[in-house]
Engineer: 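Handing you this structure, nothing more for now.
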Amino acid sequence: MKTIISFIFLFLLSSSVFGKEAAFKGDTIWYKFDKVLIEVTSNNAKQYSIDKLSIQERIKQIKGVLSEMTIAPLAEDESIVMTFKNQDEVDWNTHFKEIELERIERNKTKLVVFEDGTTFEKEQGQYKFHFLYQELEIKISINDLNNLEYFSSAEFNEKLKMVTDFFSESERNERKRMVGWLDLRTDEVKTYFSNIANQNYDMIILSGGIGAGWVKNSFVSDINFRVGLSFGKKGMYKNIYAIDYSMMYDFSESNDNDYFKLNHFVSLAWEHNFSSTPEKDKWYGFSVGYLVKRNNDFFKKNTFKVAVNKKINDTFTVKPELYFNDFLKNVYPGIRLSVAF
């Protein structure tokens, strides 16, 4: 049993410590042209504005793939999605490792709505081309494959210059998060931005829960409480710093006389969200605790513990642990499942 628990602990620890964090892509800009819609999701909308993305080179790659295949005509409710997956870094000259082609049902209900009530359909066109990088995603939507020729036109180059002039304005630097729609169908850029960019996502955490697990070859249960601070970045919670208080009960020496003698731990905890999209969190954490109140002989004096945790969802968290008696003596593993209120 100890071997199995130790393996689980080392596995989760390695995935937490050595797992590479994907870049958080909190900025989204839609660029609307006459027959084309381009969506760019990135960690910096100004750095990866459309005029800096070598779009014409991306179109050459699309045409190269299309020249080697035949696509059957699409029904009115169908779409073709071609996905180019690149390596971690943005390198326009690198060949893509993987290209996927998928025929899907066309979704006509995905909308982006701004505070003034302005609504745009963000899933336009039957042909969609996605370029995926660690730091950004580019989605190009067109109604007809002939629309690809628009990207080599003088008009498109003029639109790119309009985008350059727009992002050069100093006021764009004031936005912590940029979510907007740029309408480029006229001689002037029409813009719509969400005020969510100016919201504060830092918060105080007050929570509690119960847990159960296996420590020193014995079943244990606990009641825990947390006080902490959570800090956000561009509309997504990324870091938590907290103090945890846990009252642990073991069944190793339970009898009628001392059935509810609890051992109390206080821990300092840090958790980080390694996800790059708000739709799917990826929380891992680390904590160091100390036995502040000892009520039986299950733990020795001066007991410390270190733990990593993997948050499965908003309710369940897995916590592999290591316990140390009397300053790094008699090390033994444990694992617990925590359920949040």
Engineer: Is there a continuous path of hydrophobic side-chain contacts, each under 4.5 Å between heavy atoms, that joins Ile104 to Leu74?
Structural biologist: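 No, because Ile104 and Leu74 fall into different hydrophobic clusters, even though each may have its own neighbours under 4.5 Å.
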
Engineer: Can a donor-acceptor pair be found, under 3.5 Å and without considering hydrogens, that links the side chain of Gln56 to the backbone of Ser152?
Structural biologist: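 No; zero donor-acceptor contacts below 3.5 Å.
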
Engineer: Decide, yes or no, whether a salt bridge links Arg226 with Asp244 under the criterion of side-chain N to carboxylate O below 4.0 Å.
Structural biologist: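 The answer is yes: the pair qualifies as a salt bridge.
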
Engineer: Take Arg294 and Asp297, measure what salt bridge (charged side-chain N to carboxylate O under 4.0 Å, His left out) needs, and give me the verdict at the end.
Structural biologist: CA-CA 8 Å; Arg294 175 174 172 264; Asp297 295 329; 3.1 Å; yes

Engineer: Atom CG of residue position Leu337 - does it have more than 12 heavy atoms of other residues, nucleotides or ligands inside 6.0 Å?
Structural biologist: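 Yes, enclosed.
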
Engineer: Side chains of Asn325 and Thr303: donor-acceptor distance under 3.5 Å anywhere?
Structural biologist: yes

Engineer: For atom CG of Asp144, is the number of surrounding heavy atoms from other residues, nucleotides or ligands below 6.0 Å larger than 12?
Structural biologist: yes

Engineer: State whether the number of non-hydrogen atoms from other residues, nucleotides or ligands found under 6.0 Å of Asp314 atom CG is greater than 12.
Structural biologist: no

Engineer: Keeping Gln126 on the side-chain end and Ala75 on the backbone end, is there a donor-acceptor pair under 3.5 Å?
Structural biologist: yes

Engineer: For residues Val81 and Ile71: do they belong to one hydrophobic cluster (side chain heavy atoms under 4.5 Å, members Ile, Leu, Val, Met, Phe, Trp, Tyr)?
Structural biologist: no

Engineer: Validate the cation-pi geometry between Lys305 and Phe265: distance from NZ or CZ to the six-membered ring centre under 6.0 Å, angle to the ring axis within 45°.
Structural biologist: yes

Engineer: I need the minimum non-hydrogen distance between Asp27 and Ala45, along with the two atoms involved.
Structural biologist: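 In terms of heavy atoms, the two residues are closest at OD2-N, 2.9 Å.
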
Engineer: Do Lys310 and Trp283 pass the side chain to side chain contact (heavy atoms under 4.5 Å, CB included) test, and can you show the C-alpha distance, the side-chain angles, and the key distance before you say yes or no?
Structural biologist: CA-CA 6 Å; Lys310 170 66 172 68; Trp283 287 97; over 6 Å; no

Engineer: Report the C-alpha distance between Asp250 and Asn296 in whole Å, list the side-chain angles of each, state the deciding distance to 0.1 Å, and finish with yes or no for side chain to side chain contact (heavy atoms under 4.5 Å, CB included).
Structural biologist: CA-CA 10 Å; Asp250 68 271; Asn296 60 25; 3.2 Å; yes

Engineer: Please report the closest heavy-atom contact between Val215 and Gly334, naming both atoms and the distance.
Structural biologist: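 Heavy-atom minimum between the residues: CG2-CA, 4.2 Å.
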
Engineer: Locate the shortest heavy-atom distance separating Ser230 from Ile205; write the atom from each residue and the value.
Structural biologist: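 Here Ser230 and Ile205 meet closest at CB-CD1, 3.7 Å.
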
Engineer: What residues form a ring pair (Phe, Tyr, Trp, His ring centres under 6.0 Å) with His264, not counting sequence neighbours?
Structural biologist: Tyr245

Engineer: With side chain to side chain contact (heavy atoms under 4.5 Å, CB included) as the test, would you mind laying out the steps for Val220 and Phe298 before giving the verdict?
Structural biologist: CA-CA 11 Å; Val220 298; Phe298 188 75; 4.1 Å; yes

Engineer: Evaluate whether atom CD1 of Ile243 has more than 12 neighbouring non-hydrogen atoms of other residues, nucleotides or ligands under 6.0 angstrom away.
Structural biologist: no

Engineer: To the nearest 0.5 Å, what is the distance between OG (Ser287) and CH2 (Trp270)?
Structural biologist: 12.0 Å

Engineer: Under 3.5 Å, is there a donor-acceptor pair between the side chain of Ser218 and the main chain of Trp214?
Structural biologist: no

Engineer: Do other residues, nucleotides or ligands put more than 12 heavy atoms under 6.0 Å from Lys122 NZ?
Structural biologist: yes

Engineer: Are the aromatic ring centres of Tyr192 and Phe120 under 6.0 angstrom apart?
Structural biologist: yes

Engineer: Hey, could you give me the CE/CD1 distance between Met178 and Ile29, rounded to the nearest 0.5 Å?
Structural biologist: 5.5 Å

Engineer: Show your working on side chain to side chain contact (heavy atoms under 4.5 Å, CB included) between Ile99 and Lys85 and close with a plain yes or no.
Structural biologist: CA-CA 6 Å; Ile99 300 176; Lys85 297 182 179 180; over 6 Å; no

Engineer: Fit a plane to each ring of His272 and Phe274, take the angle between them on a 0 to 90° scale, and name the class: parallel (under 30°), tilted (30 to 60°) or perpendicular (over 60°).
Structural biologist: perpendicular

Engineer: Is a salt bridge present between Asp51 and Lys161, judged by a nitrogen-to-oxygen distance below 4.0 Å?
Structural biologist: no

Engineer: A side-chain contact here means heavy atoms from C-beta on lying under 4.5 Å apart; do Leu229 and Ile240 qualify?
Structural biologist: no

Engineer: Under a 4.5 Å cut-off applied to non-hydrogen side-chain atoms, are Thr83 and Phe129 in contact?
Structural biologist: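 In short, these two side chains do not touch, never coming nearer than 4.5 Å.
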
Engineer: Measure the spacing between OG1 of Thr186 and CG of Asp34 and express it to the nearest 0.5 Å.
Structural biologist: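 Here the interatomic distance stands at 9.5 Å.
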
Engineer: Which distance, rounded to the nearest 0.5 Å, do you find between the CD1 of Ile335 and the NZ of Lys319?
Structural biologist: 12.0 Å

Engineer: If we ignore angles and hydrogens, is there a donor and acceptor under 3.5 Å between the side chains of Asn263 and Asn295?
Structural biologist: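 Asn295 and Asn263 do not have a side-chain donor-acceptor pair below 3.5 Å.
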
Engineer: One pair to check against ring-ring contact (aromatic ring centres under 6.0 Å, His included): Tyr150 and Phe156. What are the steps and the verdict?
Structural biologist: CA-CA 7 Å; Tyr150 173 75; Phe156 180 71; 5.7 Å; yes

Engineer: Quick check: closest heavy atoms across Ala212 and Phe219, and the distance to 0.1 Å?
Structural biologist: CB-CZ, 3.8 Å

Engineer: Once you round to the nearest 0.5 Å, how far does CG of Leu132 lie from CD of Glu137?
Structural biologist: 5.0 Å

Engineer: Identify which one of Val112, Thr28, Val179 satisfies the side chain to side chain contact (heavy atoms under 4.5 Å, CB included) criterion when paired with Ser194.
Structural biologist: Val179

Engineer: Compare all side-chain heavy atoms of Tyr284 with those of Val308 and state whether any distance is below 4.5 angstrom.
Structural biologist: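 Not touching, per the 4.5 Å side-chain cut-off.
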
Engineer: Check ring pair (Phe, Tyr, Trp, His ring centres under 6.0 Å) between Tyr127 and all other residues, then give those that pass, not counting sequence neighbours.
Structural biologist: none

Engineer: Any side-chain heavy atom of Met82 sitting closer than 4.5 Å to one from Leu66?
Structural biologist: yes

Engineer: Aromatic contact between Phe84 and Phe131, with the criterion being ring centroids under 6.0 Å apart: yes or no?
Structural biologist: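 Here the rings of Phe131 and Phe84 have centres that are less than 6.0 Å from each other.
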
Engineer: Name the residue from Trp30, Trp181, Tyr31 that meets the side-chain hydrogen bond (donor to acceptor under 3.5 Å, both in side chains) definition with Glu39.
Structural biologist: Trp30

Engineer: Can any side-chain N or O of Ser267 pair as donor or acceptor with the backbone N or O of Ala269 at less than 3.5 Å?
Structural biologist: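 Judged by distance alone, no pair lies under 3.5 Å.
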
Engineer: Before accepting this row, confirm whether a basic side-chain N of the pair Lys311/Glu271 lies closer than 4.0 Å to the acidic partner's carboxylate O.
Structural biologist: no

Engineer: Just so I know, are the side chains of Ile142 and Gln124 near enough to count as touching, which here means a heavy-atom distance under 4.5 Å?
Structural biologist: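 No; the side chains remain at least 4.5 Å from each other.
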
Engineer: Is the closest basic N to carboxylate O distance between Glu149 and Lys63 below 4.0 Å?
Structural biologist: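 The answer is yes: the pair qualifies as a salt bridge.
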
Engineer: List the atom of Asn273, the atom of Lys282, and the distance in Å for their closest heavy-atom pair.
Structural biologist: OD1-N, 2.8 Å

Engineer: Specify the closest pair of heavy atoms between Tyr48 and Ser42, including all atoms of both residues, with the distance to one decimal.
Structural biologist: CD1-CB, 3.8 Å

Engineer: With the side chain counted from C-beta on, respond yes when Met162 and Leu184 share a heavy-atom pair under 4.5 Å apart, and no when they do not.
Structural biologist: yes

Engineer: If we only count heavy atoms from C-beta on, is the Leu136 to Val40 side-chain gap below 4.5 Å?
Structural biologist: yes

Engineer: Using a 4.5 Å cut-off on heavy atoms from C-beta on, say whether the side chain of Gln47 contacts that of Lys52.
Structural biologist: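 No; the side chains remain at least 4.5 Å from each other.
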
Engineer: Mark yes or no: Lys216 above the aromatic ring of Tyr323, with NZ or CZ under 6.0 Å from the six-membered ring centre and no more than 45 degrees from the axis.
Structural biologist: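 No.
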
Engineer: To the nearest 0.5 Å, what is the distance between CD1 (Ile38) and CZ (Arg58)?
Structural biologist: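 Output value for this atom pair is 11.5 Å.
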
Engineer: Return yes if some donor-acceptor pair links the side-chain N/O of Asp222 with the main-chain N/O of Met248 below 3.5 Å, else return no.
Structural biologist: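 Not confirmed, Asp222 side chain does not pair with Met248 backbone.
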
Engineer: Test Asn302 against Tyr290 for side chain to side chain donor-acceptor pair (under 3.5 Å), laying out the working first.
Structural biologist: CA-CA 7 Å; Asn302 296 323; Tyr290 179 69; 3.0 Å; yes

